[in-house]
Number of protein chains: 2
Amino acid sequence: MRISELSRRSGVATATIKYYLREGLLPPGRATAATQAEYGEAHVRRLRLIRALIGVRGLSVGAAKDVLDVISEGKSDTHELLGLVFGIWPSGDGGGKGTEEEGDGLGVDHLLAEMGWTVSEHNPAREVITRTLHTLNSLGVEYGWRELLPYAALAEQTATLDLDQLEGPDDPLEKAERAVLLTILLEPALLALRRLAQEAESTVRHRG
Amino acid sequence: MRISELSRRSGVATATIKYYLREGLLPPGRATAATQAEYGEAHVRRLRLIRALIGVRGLSVGAAKDVLDVISEGKSDTHELLGLVFGIWPSGDGGGKGTEEEGDGLGVDHLLAEMGWTVSEHNPAREVITRTLHTLNSLGVEYGWRELLPYAALAEQTATLDLDQLEGPDDPLEKAERAVLLTILLEPALLALRRLAQEAESTVRHRG
DNA sequence: GCAACTAGGCAGTAGCACTGTCTAATATAG
DNA sequence: CTATATTAGACAGTGCTACTGCCTAGTTGC
């Protein structure tokens with residue numbers, strides 16, 4: 001199919017498709033002439049995935065590209081693949097200025113030790129937690145790794161559920177895509193579930 | 001203190017402080033003359049909170065204003081207060097076009113019934129979950145409310161932890177701020193914990 | 001009395017995510 | 001074999017957000 005049909009089938013404007021092609025989010029079609037290219041079902045699918053990452057999860061175009069690059073990497077080793085997926089973070093400024101400051105991390109390492117978690121030194125999630133704890137403390141809320149422990153225990157159960165659902169597809173590409181979808185696309189839904197549960201629990205306590 | 005000291009103490013440029021004043025995120029200082037105003041500790045604190053909501057959680061200035069408005073509302077009824085807090089969502093486009101479509105919700109109501117949760121019809125979290133499920137299905141992942149159930153059970157435990165930590169402050173303002181901090185500011189950290197747990201769990205399974 | 005500071009207003013900027021326009025090259029219908 | 005439509009690729013322009021700078025008139029501290 002040509003670009004206009006790809007646009008119609010995916011609901012993305014041709015100008016936008018060209019933009020994604022330029023940015024490398026969408027692989028180029030098979031060129032049949034200087035001004036003609038052929039796109040396939042994979043392109044329709046990829047476009048839908050792009051819109052989901054950007055629209056549903058709220059990733060920037062650049063972050064979405066990082067995610068898609070990981071999928072296209074085609075790593076067959078699940079563990080290695082997940083390492084790449086988990087290294088992606090949306091809150092872009094992660095480390096803008098002064099990344100080398102604060103060697104302590106407010107006990108994040110202690111949290112990991114307590115949970116018995118083995119995690120790469122380079123995982124950006126460490127930074128996110130450290131920064132959150134710092135911010136809470138600077139706002140007068142006494143919060144440290146101890147307070148996070150029960151949440152970590154729940155996160156562990158969540159992760160178990162997550163990984164269970166990655167069993168199945170043997171095709172590396174399919175597996176990578178499923179990992180991305182269930183890890184990244186599910187994030188807003190998990191936060192939404194928490195808010196629903198908060199409201200429900202608040203209602204229960206209020207009635208009591 | 002005057003604006004320059006407020007700027008120095010908070011680390012926010014005076015031009016930006018004026019911008020927040022214009023946008024209503026920061027209450028005006030006590031005017032002592034036509035070109036002079038007095039700011040207090042509350043302003044320093046509020047500024048830090050603003051930067052945390054925008055910088056750490058990634059809220060837009062508009063969404064941050066909604067949050068701050070809820071805090072300033074000064075609701076003394078905890079349940080009512082939390083209802084306001086939980087009604088805030090960052091993924092701005094929530095309902096851009098065609099909000100009235102899709103009456104089904106892919107069984108979100110069924111999920112709520114199964115969990116025994118009583119939740120306002122108006123809670124934006126419903127929409128978020130519905131949209132996520134729709135998106136997953138359109139991408140070929142068979143996912144419905146049944147698959148979310150175990151996550152909902154974990155979310156319920158999370159919410160219990162959350163509400164336990166809101167016991168304490170009697171002052172409505174303080175309580176509201178704590179609710180906001182522990183609900184909204186903690187969100188990136190909870191997702192980060194999940195990713196850490198995922199990597200750790202993946203490592204364990206890989207070794208096995 | 002005079003430099004330094006300030007409130008308020010508004011214009012300008014930078015970055016992001018598109019969106020529109022243009023050119024040269026096909027494609028297709030009649 | 002024309003006339004009309006479509007396309008790839010390049011690049012300029014747009015709309016929005018979140019500031020940032022500048023100006024004016026007024027105020028403060030020495």
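Order of the sequence lines fixes the chain letters, A, B, ..., with proteins taken first and strands second; residue numbering starts at 1 for each chain. Please read these numbers as outputs of a predicted model, since none were measured by experiment.
Residues meeting the ring-ring contact (aromatic ring centres under 6.0 Å, His included) test with W145(A), sequence neighbours left out: H110(A). For L21(A), the side-chain contact (heavy atoms from CB on, under 4.5 Å) test picks out I17(A), L26(A), Y39(A), with sequence neighbours left out. Residues forming a salt bridge (charged side-chain N to carboxylate O under 4.0 Å, His left out) with R8(B) (at least two apart in sequence, or on another chain): E5(B). Partners of R46(B) by side-chain hydrogen bond (donor to acceptor under 3.5 Å, both in side chains), not counting sequence neighbours, listed by chain and number: S72(B). Partners of S202(B) according to the side-chain contact (heavy atoms from CB on, under 4.5 Å) rule, which considers only residues two or more places apart in sequence or in another chain, are H79(A), L82(A), L163(A). In this structure, the salt bridge (charged side-chain N to carboxylate O under 4.0 Å, His left out) partners of R45(B), at least two apart in sequence or on a different chain, are E177(B). With sequence neighbours left out, R9(B) forms a salt bridge (charged side-chain N to carboxylate O under 4.0 Å, His left out) with E41(B). Taking T35(A) as the reference, nothing meets the side-chain contact (heavy atoms from CB on, under 4.5 Å) condition, with sequence neighbours excluded. E201(B) meets the salt bridge (charged side-chain N to carboxylate O under 4.0 Å, His left out) test with R205(B); sequence neighbours excluded.
To the nearest angstrom, C1' of dC5(C) lies 13 Å from CD of E5(B). Rounded to an integer number of Å, the gap from H43(B) NE2 to dA7(C) P is 11 Å. Protein atom CD1 of I3(B) is 7 Å distant from nucleotide atom P of dT6(C), rounded to whole Å. Atoms NZ (K65(A)) and C1' (dC18(C)) sit 18 Å apart, rounded to a whole Å.
The C1' atoms of five pairs define one axis at each end of the helix from dG1(C)-dC30(D) to dG30(C)-dC1(D), and these two axes lie 0° apart (to 10°).
The residues K175(A) and D171(A) are annotated as not salt-bridged, no charged nitrogen and carboxylate oxygen being separated by less than 4.0 angstrom.
Extent of DNA chain D lying under 4.0 Å from chain B heavy atoms, first and last nucleotide in 5' to 3' order, is dA18(D) to dT28(D).
Against DNA chain D, the stretch residues 10-34 of chain A makes heavy-atom approaches under 4.0 Å through K18(A), R22(A), A34(A).
Applying the 4.0 Å criterion to OP1 and OP2 of dA17(C), one finds that R51(A) has every side-chain N and O outside that range.
With a 4.5 Å cut-off on side-chain heavy atoms, L112(A) and R126(A) count as touching.
Nearest-nucleotide assignment on DNA chain D puts the 5′-proximal partner with T35(A), out of T35(B) and T35(A).
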